[in-house]
Amino acid sequence: MVTQPVHHLDPLGADLHGEAQGLRSIGPAVLVELPAGIPAWAVTSHQLLKTLLVDDRVSKDPRRHWPAWIDGEYQDSWVAMWVGVTNMLSTYGTDHARLRKLVAPAFTARRTEALRPKVEQISGALLDALEVLQSATPGAVVDLQSAYAHPVPMQVICELFGVSEDARPDVARLIAMFMDTSAGPEQVAQLFGQIYQVLGDLIAAKRAAPGEDMTSVLVASRDEDGSTLSEVELRDTLLLTIGAGFETTVHLIGNAIHALLTHPDQLAAVRAGEVSWSQVVEETLRWAPSIANLPLRFAIEDIELPDGTTIRQGDAILAGFAGAGRDPEQHGERAEEFDPSRQISEHLAFGYGVHRCIGAPLARLEAEIALRALFERFPGLELAAKPDQVTPIASFISGGWSSLPVRLS
Ligand code: HEM
């Protein structure tokens with residue numbers, strides 16, 4: 001039953017934060033319409049989101065807990081790219097625990113720290129190339145998104161999962177398409193066809209010649225004990241972990257670069273050593289989270305909210321991380337301001353509860369290394385466009401920039 005006016009979320013995410021603020025001013029959870037006519041409760045209050053993320057009455061498994069999906073609705077729409085795959089992100093209870101346990105040990109804080117030299121080497125090599133370019137053509141405009149923010153996490157995750165150099169351009173292109181929340185059925189079907197071809201080739205290659213990488217580890221889990229991981233789960237786990245492993249961190253790095261270049265006082269404070277790179281990363285995650293809105297969760301039973309609203313059994317829920325990140329009840333009156341020197345209060349940009357991000361230590365490590373190295377190498381770095389000429393990527397899920405034109409110096 002519709003209990004509040006239905007808002008249509010902008011499929012292109014042109015003003016994610018304005019939209020989230022508007023929704024929060026109506027209530028902590030507001031019934032919205034997502035592309036393809038999907039109704040969902042958009043939760044933009046930090047406190048309510050945190051509560052729902054650990055509520056056992058909230059599931060992520062559409063096959064068990066979303067009546068519309070079970071009835072065959074929406075299966076060819078953009079939402080299939082998020083809930084129609086079978087991995088830890090779209091499962092509940094023991095299935096979730098089983099799938100998470102296979103991957104999480106590879107991303108502990110200790111294992112991640114061991115990757116530091118590799119991340120430094122990758123960032124350094126990319127900066128060397130940019131320096132050569134800058135010397136050859138001083139003053140040239142470079143897109144830092146494609147020349148730096150993207151390749152750092154992409155190269156790291158591809159090395160971890162043993163993705164060949166040849167396959168990387170396809171992986172990058174196809175994963176970016178998962179963020180396109182305006183995609184129609186034809187585009188969705190094509191995307192699944194292409195990404196499953198690439199992942200199928202990767203699995204076959206590792207089966208034929210296993211290596212030290214994570215794909216080989218998962219293939220071995222599948223082959224040694226088929227009850228641990230089905231073939232579909234293996235494929236969809238690779239899709240999630242490789243995709244989430246770079247696309248999100250690309251935007252963390254890009255968002256931090258953009259924030260610093262458009263807040264010169266804050267950048268000066270970082271340069272003066274008054275603010276650490278870790279503070280920059282945490283503030284960027286709060287203020288401009290790479291996952292702005294995450295589809296979808298489902299109410300297993302009626303859930304009555306503190307304001308008297310009821311989320312009915314079977315209703316879908318959209319986790320509004322962008323809204324929560326700027327919620328003044330959590331972050332104070334200046335929640336809308338980017339200020340890395342603020343007393344950091346907890347943010348939810350990596351989620352919370354059983355589905356919390358397994359890659360958070362890696363994302364933090366990559367972003368800190370990449371940002372420090374970039375701003376040390378090019379102390380005169382500046383945006384080569386007016387801030388309002390830099391365009392956000394077309395998605396209400398992903399919060400980031402389509403390009404970052406800069407001048408290096
Ligand atoms: C800035 C970078 C990142 C952000 C903002 C981010 C954000 C998130 C969020 C919000 C969730 C929770 C989803 C939910 O509640 O349903 C999540 C889960 C997840 N993230 Fe990340 N992530 C980032 C980087 C990474 C990296 C580097 C990896 C590498 C493997 C990764 C892998 C995952 C996986 C596998 C899950 C699913 C966990 C589960 O459902 O149990 N993420 N991430």
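A quick note: this is a predicted structure, and the numbers were derived from the prediction, not measured. First listed ligand is number 1; within each ligand, the first listed atom is number 1.
- Near Phe321, with a cut-off below 4.0 Å to any heavy atom, the atoms of ligand 1 are 10 (C).
- At least one N or O atom of His96, backbone or side chain, sits closer than 3.5 Å to an N or O atom of ligand 1.
- Annotation: side chain of Leu374 is in contact with side chain of Leu144 (closest heavy-atom distance under 4.5 Å).
- Closest protein heavy atom to atom 10 (C) of ligand 1: Ala349 O, 3.2 Å.
- Assignment of Ala319 to the shell around ligand 1 is not supported, since no heavy atom sits closer than 4.0 Å.
- Distance CD/Glu304 to CG/Asp307: 9.0 Å, rounded to 0.5 Å.
- Nearest to atom 14 (C) of ligand 1 by heavy atom, out of Leu53, Leu252, Leu99, Leu294, is Leu294.
- At least one N or O atom of Arg297 sits closer than 3.5 Å to an N or O atom of ligand 1.
- Residue-level proximity to ligand 1 for Arg100 is carried by the side chain, the only part with a heavy atom below 4.0 angstrom.
- Counting only heavy atoms of the protein, atom 16 (O) of ligand 1 lies nearest to Lys60 NZ, 2.4 Å.
- Using modelled atom types and a 3.5 Å distance limit, the side chains of Gln194 and Asp170 yield no donor-acceptor pair.
- For the salt bridge (Lys or Arg N to Asp or Glu O under 4.0 Å) condition, the pairs that include at least one residue of residues 274-298, sequence neighbours left out, are Glu282-Arg364, Glu283-Arg286, Glu283-Arg342.
- The ring pair (Phe, Tyr, Trp, His ring centres under 6.0 Å) test applied to Trp82 returns no partner, not counting sequence neighbours.
- For the pair Arg326 and Trp287, the distance from NZ or CZ to the six-membered ring centre is under 6.0 Å and the angle to the ring normal is within 45 degrees.
- Taking 4.0 Å as the cut-off, Arg364 does not count as a neighbour of ligand 1 on heavy-atom distance.
- Few gaps surround CZ on Phe338; more than 12 heavy atoms of other groups in view lie less than 6.0 Å from it.
- The closest approach between a heavy atom of Glu366 and any atom of ligand 1 is not below 4.0 Å.
- Every atom of ligand 1 with a heavy atom of Thr241 under 4.0 Å away is listed here by number and element: 30 (C).
- A donor-acceptor contact closer than 3.5 angstrom links the side chains of Asp180 and Ser182.
- Defined by atom type and a distance below 3.5 Å, a donor-acceptor pair is missing between the side-chain atoms of Asp56 and Tyr92.
- For Tyr148, there are no ring pair (Phe, Tyr, Trp, His ring centres under 6.0 Å) partners, not counting sequence neighbours.
- Counting heavy atoms from C-beta on, the side chains of Leu362 and Val156 come closer than 4.5 Å.
- Contact annotation for Tyr352 and ligand 1: no heavy atom of the residue comes within less than 4.0 Å of the ligand.
- No side-chain donor from either of Ser59 and Asp61 sits under 3.5 Å from a side-chain acceptor of the other.
- In this structure, atom 12 (C) of ligand 1 lies nearest to the protein heavy atom His355 O, 3.2 Å.
- Within the listing of ligand 1, atoms 13 (C), 16 (O), 37 (C), 40 (O) sit less than 4.0 angstrom from a heavy atom of Leu89.
- The closest donor-acceptor contact from the side chain of Lys206 to the backbone of Gly162 lies under 3.5 Å.
- Each protein N/O/S atom under 2.8 Å from atom 21 (Fe) of ligand 1 was counted, for a total of 1.
- Using a 4.0 Å cutoff on heavy atoms, Ile242 does not count as a contact of ligand 1.
- When heavy-atom distances to ligand 1 are checked against a 4.0 Å cut-off, Leu240 comes that close only through its side chain, counted from C-beta outward.
- For ligand 1, the atoms closer than 4.0 angstrom to any heavy atom of Val354 are 41 (O).
- At a 4.0 Å heavy-atom cut-off, ligand 1 does not touch Phe246 at all.
- A perpendicular orientation is assigned to the rings of Phe178 and Phe192, their planes being inclined by more than 60° (bins at 30° and 60°).
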